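Counting convention: from 1, in listed order, for ligands and their atoms alike. Quick caveat, the model's predicted, so the values are computed rather than measured. One-based numbering along the sequence shown.
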Amino acid sequence: MLTVNDRIEKYSTDEIEKFKMVSTSTIGHFTDFGFLANYECTIPVTKVSGEVTTVKLSSGDGYPLNTALQQAKKGDILVIDTSGNKTHACWGEFRARKAEEMGLSAVIVNGAVTDISYLRTSRVPVFYESISPKTTRVLKLEGEVNTAVSVGNVVFESGDYVIADQDGIFKINQLNYKTLIELAIEKEKKEKLKRMENNAVHCEKK
Ligand SMILES: O=C([O-])CC(=O)C(=O)O
Ligand SMILES: [Mg+2]
């Protein structure tokens, strides 16, 4: 049985523009919640962000991913919950090729990936936990698309917004994002000034 929910839009274009302005390490000054810890990334990422499409797999069945890739939109971050499977890689070269074609921003998976040499050349970054030669298969057993999933101890739903950079991955929390983003933008402005002052002092000393 495959459950497919409609895609949800949670944030306005203006709000999304603001989210893109801040780094994860600035948000980390104000909250501990919403961060995924210890994920590897296939390529060096300076900054990536996007709305979330979720998919939940079971028993090494990769089939729901086909549906998720049909539901996802350009710019999305695909969040894959393997339901605890850390050995059967659900993401490899051909999924990556599809993601490139669609223009996905990134993929986050709480399990294994495969075809790592290809993934390291793909422009779509994949945040993952492990590498495995064993893969999921098309079993058509069970799965969910755009339901709530838990990945890296964070709950993700369709339409959530994720920002990721070299310091980590952060999911915007609908409960407090207005305050949090204003605080983060303000802090980044202050830090920019501080940086300029610092550099000026440095130049004077030379
Ligand atoms: O089919 C899979 O589950 C993963 C894979 O090898 C690919 O995407 O090329
Ligand atoms: Mg493959």
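Counted within 6.0 Å of NZ on K178, heavy atoms from surrounding residues, nucleotides or ligands total 12 or fewer; the atom is thus considered open.
Contact annotation: G62 has no heavy atom less than 4.0 Å from any atom of ligand 1.
Under 3.5 Å, the side chains of D76 and T53 contain a donor-acceptor pair of N or O atoms. Between D165 and T24, the side chains place a donor N or O and an acceptor N or O closer than 3.5 Å (distance only, hydrogens not considered). When only modelled atom types and interatomic distance are considered, D81 and S83 share no side-chain donor-acceptor pair under 3.5 Å.
Remark: the backbone N or O of S59 is not paired with any side-chain donor or acceptor of N85 at under 3.5 angstrom. The main-chain N or O of S23 is found under 3.5 Å from a side-chain atom of E188 such that the two form a donor-acceptor pair.
At the top of the distance list for atom 4 (C) of ligand 1, counting protein heavy atoms only, stands G92 N, 3.6 Å. Among all non-hydrogen protein atoms, the one lying nearest atom 6 (O) of ligand 1 is D115 OD2, 3.3 Å.
Looking at ligand 1, you'll find an N or O of R95 within less than 3.5 Å of one of its N or O atoms. Considering both main-chain and side-chain atoms, T136 comes within under 3.5 Å of ligand 1 through a nitrogen or oxygen pair. Distances between N or O atoms of F94 and those of ligand 1 include at least one value under 3.5 Å. The shortest N/O to N/O separation between T135 and ligand 1 does not fall below 3.5 Å.
Qualifying salt bridge (charged side-chain N to carboxylate O under 4.0 Å, His left out) partners for K73, counting only residues two or more places apart in sequence or in other chains: none.
Using a 4.0 Å cut-off between heavy atoms, A89 contacts ligand 1 through its backbone alone, with no side-chain atom that close.
Annotation: protein N, O or S atoms under 2.8 Å of the Mg ion (ligand 2) (waters excluded) comprise D115 OD2.
Salt-bridge annotation for K18 and E15: absent, with no side-chain N of the basic residue lying under 4.0 Å from a carboxylate O of the acidic one.
Judged as a side chain to side chain donor-acceptor pair (under 3.5 Å), the pairs with a partner in residues 91-109 (not counting sequence neighbours) are, in order, N66-R95, E93-R97, E100-Y118, E100-S122.
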Identify each donor-acceptor pair in which a side-chain atom of residues 146-156 lies under 3.5 Å from a protein atom, sequence neighbours left out, and give them as a table.
{"from": "N146", "atom 1": "OD1", "to": "T54", "atom 2": "N", "distance (Å)": "3.2"}
{"from": "T147", "atom 1": "OG1", "to": "E144", "atom 2": "OE1", "distance (Å)": "2.6"}

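The contact set between ligand 1 and E93, taken as ligand atoms under 4.0 Å from a residue heavy atom, comprises 7 (C), 8 (O), 9 (O).
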